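Everything numeric in this text was worked out from a predicted model, so none of it was measured. Both ligands and their constituent atoms are indexed starting at 1 by order of listing. When reading the values below, keep in mind they use all heavy atoms of this one structure, side chains included, and skip hydrogens, waters and symmetry mates.
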Amino acid sequence: MAKKKSKEVKVNFKTSWEYAPAPESKDHIRLKEKYDLFINGRFTAPLAGKYFDTINPATEKTLAQVADASEADVNLAVSAARDAYEKVWSKMPAKERGKYIYRIARAIQERAREFAVIESMDGGKPIRESRDVDVPLAAAHFFYYAGWADKMEYAAPGKKVRPLGVAGQIIPWNFPMLMAAWKIAPALAAGNTVVLKPAETTPLTALKLAEVIQESGLPDGVVNIITGAGTTGAALVNHPDINKIAFTGSTEVGKVIQRAIAGTHKKYTLELGGKAANIIFEDAAIDQAVEGIVNGIFFNQGHVCCAGSRLFVQESVADIVVRKLKDRMETLIVGDPLDKNTDIGAINSKEQLNKIRQYIKIGINEGGECYESSCSIPSKGFFHRPTLFTNVAQSSRIVQEEIFGPVLAIQTFRTVEEVIEKANNIPYGLSGGVWTDKGSKIFKVTSQIRAGVIWANTYNKFDPTSPFGGYKESGVGREGGLHGVMPYVEVLHA
Ligand code: NDP
């Protein structure tokens, strides 16, 4: 009897996959109408009396008014931090410093739901991510660095370490709460005081953190949080009484900062842009790899410096990977960040949405083949469907430049040598991913890719003990782990 030809079963994702809304409650959060600057342990009105609105990018509604710090306010904040450093914090026994940091960590855990909801409202990220990633990791960083406070003598065995003094810290809008923790926790553990400036579009969780810090009884002036735009950041960078600048943001502004502090005594760490290669070999577990691709590029709407935004698929499996990826993209839900079903929330700002749209046009004009999932998106707010490009070249702008949105550029390769060459052919060097069944291939590829962090058979895994940072135009220095506390001390050779 003739054998029946087996027919491929195709799943139709556009049928009955409707989820009932599952919105997170906003009843438990407390937001003020107006936020002042947190200087010297108190909320203080800005000297020029100026405020700006912070909006919810999913609704375009104003959430609160936030103080716009002028140079004079920056001076007050730095002077409060200097006083606190000289008179209190640098004199306090290290184990006492540690207790305060533990207290902040515990308070973040206690108010985790409030932090998560505010993070999603102010920044647009899905509640599942702010609840399960941003806020727990922020608390974990405070816990981890609290442990270092009284162990700094073991950080550089046989040598002495001493704090630098006042750290100026500037953070971006993609992980506002987590970046505040990455910056503040190691600085305090090492004995420094801090002036932190959150991004203009996402100041609210840093200001909530200021409330927690106030309630923790941390001595006045040890942490100061000032809000404002780029000019406030520039005033902090240029302040003569700052000992160290820690910056996370775009490569462009990183270069401005580097030029501004060249020739000064200021130390610095810069965590800048990226364009990571996520590499799928033919021997990889394809379904897991597809999940890794989705996580790599669509996590946090693609507003991730280490996003796996360049996908390299070995030619023999390219068709199946792209087909499965498109199927998976059809299942992703774009919409209300506070809905627990949402996979992709709101783009952080109108400006960023326009930038993403501009890059899509560039990609199409360059000859790329663009595919967008067909899901519905809300009519109000800033949203973008998950998107991928095939038929792109190494030289395409959408392959070379950081888009910072849910847009993936896919290329193929045949050999290990070819993909290493292609992966490294980029000005950035922050992160990467490798998917293969062979341990030897993992070691070969990861040791030859010039990137600070490379994940194998997983993606976007973060832990406070693990250093993070880049090569080339992705920055200078590391954050996380012991590596992350060392840039906050001077090592004295005995
Ligand atoms: P920026 O690099 O401008 O912002 C990062 C932080 O620096 C913000 O707090 C910003 O303030 C502040 N800042 C801006 N100008 C200066 C300055 N001259 N001196 C000191 N501080 C300054 O990023 P954008 O928000 O403008 O985003 C632009 C692009 O950068 C994005 O489209 C994305 O591609 C990329 N980006 C990359 C990030 C990464 O981690 N790799 C993070 C954020 C953005 P304010 O926000 O108030 O202007």
Side-chain angles (χ1 to χ4, degrees), residues 50 52-55 57 66-71 74 122-125 168-176 178-180 182-183 195-206 225-239 242 245-261 266 268-276 299-307 309 347-359 382 384 397-398 400-407 427-431 451-453 460 462 468-470 472-476 479:
K50 284 195 187 152
F52 59 91
D53 288 347
T54 185
I55 66 155
V66 179
D68 188 0
S70 63
E71 198 177 325
V74 172
D122 204 21
K125 63 176 71 205
Q169 307 183 316
I170 299 165
I171 56 172
W173 42 259
N174 52 343
F175 292 92
L178 185 57
M179 288 303 107
W182 278 30
K183 298 278 182 285
V195 180
L196 175 112
K197 189 201 90 67
E200 194 180 354
T201 58
T202 53
L204 292 183
T205 42
I225 296 180
I226 51 167
T227 44
T231 46
T232 309
L236 189 57
V237 168
N238 293 319
H239 196 291
I242 290 281
I245 289 292
F247 171 80
T248 299
S250 62
T251 295
E252 196 190 340
V253 174
K255 287 180 183 174
V256 170
I257 291 177
Q258 216 168 14
R259 278 195 290 271
I261 61 181
K266 293 171 196 169
Y268 63 95
T269 40
L270 305 173
E271 202 266 278
L272 309 176
K275 193 80 187 177
F299 173 60
N300 199 29
Q301 297 74 247
H303 303 327
V304 186
C305 48
C306 54
S309 48
I347 299 300
N348 185 265
S349 64
K350 190 163 195 182
E351 208 181 7
Q352 189 60 24
L353 180 60
N354 289 340
K355 182 178 164 184
I356 294 166
R357 287 179 175 155
Q358 189 60 29
Y359 268 111
F382 315 131
H384 201 285
R397 282 186 62 193
I398 57 163
Q400 289 290 320
E401 297 173 19
E402 188 180 49
I403 301 174
F404 229 57
V407 184
Y428 296 112
L430 189 59
S431 58
V453 181
N460 275 339
F462 304 97
F468 183 91
K472 303 196 277 187
E473 294 197 17
S474 288
V476 180
E479 293 184 299

Ligand 1 contact on L272 by region, counting heavy-atom pairs under 4.0 Å: backbone
Distance only, no hydrogens: is a donor on one side chain within 3.5 Å (strictly under) of an acceptor on the other, for Y428 and E402? no
Numbered atoms of ligand 1 (with element) below 4.0 Å of I171, judged on heavy atoms: 6 (C), 8 (C), 9 (O)
Using heavy-atom distances only, which candidate in G230, G168, G274 approaches atom 14 (C) of ligand 1 most closely? G230
Looking at non-hydrogen atoms alone, which of W173, F404, F247 comes nearest to atom 27 (O) of ligand 1? W173
Quick one: nearest non-hydrogen protein atom to atom 34 (O) of ligand 1, plus distance? K355 NZ, 2.6 Å
Note: ligand 1 atoms sitting under 4.0 Å from heavy atoms of I170 are 6 (C), 7 (O), 9 (O), 12 (C), 20 (C), 21 (N)
Tell me the nearest of A199, G249, G228 to atom 39 (C) of ligand 1, using heavy-atom distances. G249
Considering only heavy atoms, which of K197, K255, E200 lies nearest to atom 10 (C) of ligand 1? K197
Ring centres of F468 and W182 under 6.0 Å apart? yes
Just let me know how E252 lines up against ligand 1, side chain, backbone, both or neither, with a heavy-atom cut-off below 4.0 Å. neither
Would you say atom 7 (O) of ligand 1 touches the protein, meaning some protein heavy atom is under 4.0 Å from it? yes
When distances are taken from atom 28 (C) of ligand 1, the protein heavy atom at minimum range is S250 CB, 4.4 Å
